[in-house]
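A note on names: the letters A, B, ... follow the listed sequences, proteins ahead of strands, and every chain is numbered from 1.
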Amino acid sequence: MTNKKIDMNKLSDASEKIWRPSAHVVMRRIAGETILVPVSGNLANMQRLFTLNEMGALVWAMMEGGNTVGDIKEAIAGEFEVEQIRSESDLMEFIDQLAGSGLIQEQIA
Amino acid sequence: KEMPPKKKPYQKPEINIIDL
């Protein structure tokens with residue numbers, strides 16, 4: 001069991017950011033699974049695929065809609081039974097994973 | 001009294017990488 005230190009400044013700074021799905025990724029729902037497939041040109045790169053769970057798919061859909069990180073936080077807090085600090089740190093971890101895999105890009109205003 | 005709408009159970013957002 002590890003205790004993660006949460007940087008509150010990082011969480012608040014991130015609220016205004018908008019992350020968009022990369023143009024090189026397509027999302028498909030197949031048999032109840034949400035699958036992300038990297039593409040180059042018109043070809044799918046099938047060597048590495050990504051799947052999202054239900055909450056991950058919800059966050060992805062909100063990113064597609066151009067919502068800020070703050071909007072996504074509020075939507076989760078309003079709809080799900082969870083402590084705000086936990087949902088925020090989970091969301092930031094998820095965004096880090098997506099960005100680290102090149103699946104999303106920060107939208108520069 | 002009107003009950004507040006019940007919230008859904010929370011699930012951590014997760015990504016799973018399938019390295020073929």
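Residue A:Gln97 touches chain B through its side chain alone, counting heavy-atom pairs closer than 4.5 Å. Contacts between A:Ile35 and chain B at a heavy-atom distance below 4.5 Å are absent for every atom of the residue. For A:Leu58, no part lies near chain B; criterion is any non-hydrogen pair under 4.5 Å.
The side-chain contact (heavy atoms from CB on, under 4.5 Å) test with A:Thr51 is passed by exactly one of B:Ile17, B:Ile18, B:Ile15: B:Ile18.
Residues that satisfy the side-chain hydrogen bond (donor to acceptor under 3.5 Å, both in side chains) test with A:Thr34, not counting sequence neighbours, are A:Arg29. With sequence neighbours excluded, no residue forms a side-chain hydrogen bond (donor to acceptor under 3.5 Å, both in side chains) with A:Gln105.
Judged purely by atom type and a 3.5 angstrom limit, A:Asn53 uses its side chain to pair as donor or acceptor with the backbone of B:Lys12.
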